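Here is the naming used below: chain letters follow the sequence lines, and residue numbers restart at 1 for every chain. Given the structure is predicted, the values throughout are model-derived calculations rather than measurements.
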Amino acid sequence: MQAAKPILYSYFRSSCSWRVRIALVLKGINYETVPIDLIKDGGQQFSEEFRALNPMMQVPTLKIDGLILGQSLAIIEYLEETRPTPRLLPQDPKKRASVRMISDLIAGGIQPLQNLSVLKQVGEQNQLPWAQKVISSGFKALEQILQSTAGKYCVGDEVSMADLCLVPQVANAERYKVDLSPYPTINRINKTLLALEAFQVTHPCRQPDTPAELRA
Amino acid sequence: MMESSKPILYSYFRSSCSWRVRIALVLKGINYETVPIDLIKDGGQQFSEEFRALNPMMQVPTLKIDGLILGQSLAIIEYLEETRPTPRLLPQDPKKRASVRMISDLIAGGIQPLQNLSVLKQVGEQNQLPWAQKVISSGFKALEQILQSTAGKYCVGDEVSMADLCLVPQVANAERYKVDLSPYPTINRINKTLLALEAFQVTHPCRQPDTPAELRA
């Protein structure tokens, strides 16, 4: 174990960064935040300095145990394997598969299609309908899947990596004015999770880099 | 408990995500049945009521195994790894496992979804080629850099891993969209090395039950 605290490169409003923040807090890992502003200066993720750290030029990036890791789910799985309690994945392989399937649906199937760099490419007037279409389409599938997997949370009654993906994606949905009434299960689980401390302290409105006008 | 029937893989010959899972099944010596889902014919067979009832994500690959119906290629592969652990597709060391997952996610989350069929449909026919090329080049540029620290014979060290299962099909997509691979010598080298392995050959899009005659090897 390195003596220094882990460092999380994060943007307050990045849903991918929020997933990792929740994992770190749930596992009781004290970490330092280095904010990376994705908009200012043409996007600080493109600086030579950050690019040398993470060639993917994305947040979240986590410096931990002498390692520099990108990709939120790879980071969370690493935290799970090295700090196993409390668990973020169930013990049963079939339930673990459901957790990963839901996480991948969100982290691979929805978020990348509506992230900043894709929205830049579709052009300003197309951005809102594009984001809404992508999120609605993904949430429609997710709502169906949750009928078989969900208990109190996405998979059964324990908070898992899937829940860490759900809440930030719902925040994105709200930001793009997606009507959530067709997705009552997503809505219910989101509300239940937002009541938990780990989801509150890591919220975009309470980050070191949250702009004053958006601060809680 | 193991089901007595063979696992069923819903697959499209040219789907890079399906190819990843085919390789995993073959590497692990799992006999499976293929049910082809044509993503183009009939407006896309993945949108049929029947398939949608099976997998609400309406995507391939979908795997029916052990009484389970699973979507998302990496979730499928991790399930196979946990239930049929040999030969391994993820190293033992957590730091190396993290590298494998990071590379897999870069491809499966960061490149492929941005150039899949449904997104290309939305960008419009004249924009499709430049869009796909841009997305793949951008991702491969980052991947080439990352491989400088992780690669040995393969993406992570000298053992075939889930990252390699993602790499080869993505390179095939790159070639299909005429992306120049010369800026990515490490990706190129690893791809060639992997394509020489039997599991990558028998699962190749040109050798599938649903490969059209004109594309068959």
* **Derivation and outcome, side chain to side chain contact (heavy atoms under 4.5 Å, CB included), residues Ile145(A) and Met57(B)** => CA-CA 8 Å; Ile145(A) 285 168; Met57(B) 292 178 278; 3.6 Å; yes
Greater than 12 external heavy atoms within 6.0 Å of [X]'s [atom1]:
X         : atom1 : answer
Glu158(A) : CD    : no
Lys27(A)  : NZ    : yes
Gln148(B) : CD    : yes

* State, to 0.1 Å, how close Asp104(A) and Ala75(B) come at their nearest heavy-atom pair, and which atoms those are. => OD2-N, 3.5 Å
* Calculate, to the nearest 0.5 Å, the distance between atoms CE and OG belonging to Met101(A) and Ser73(B) respectively. => 12.5 Å
* Out of curiosity, Ser149(B) OG to Leu67(A) CG, how far, rounded to the nearest 0.5 Å? -> 10.0 Å
* **Contact listing (chain A partner; residues 43-56 of chain B; heavy atom under 4.5 Å)** => Arg52(B), Pro56(B)
* Asked: Any idea which of Ala108(B), Gly110(B), Pro94(B) has the most non-hydrogen atom pairs under 4.5 angstrom with chain A?
  -> Pro94(B)
* Structure fact -> Heaviest contributor of heavy-atom pairs below 4.5 Å to chain B, chosen from Met57(A), Lys133(A), Gln111(A), is Lys133(A)
* Can you sort out the partners of Arg96(A) under salt bridge (Lys or Arg N to Asp or Glu O under 4.0 Å), two or more places apart, ordered by chain and number? => Glu82(B)
* Tell me, do Gln71(A) and Leu106(B) make a side-chain contact under 4.5 Å, heavy atoms counted? -> yes
* Partner of Pro113(B) under side-chain contact (heavy atoms from CB on, under 4.5 Å), chosen from Val118(A), Leu113(A), Val134(A) -> Leu113(A)
* Is a side-chain donor or acceptor of Lys95(B) paired with a backbone partner of Asp65(A) at a separation under 3.5 angstrom? -> yes
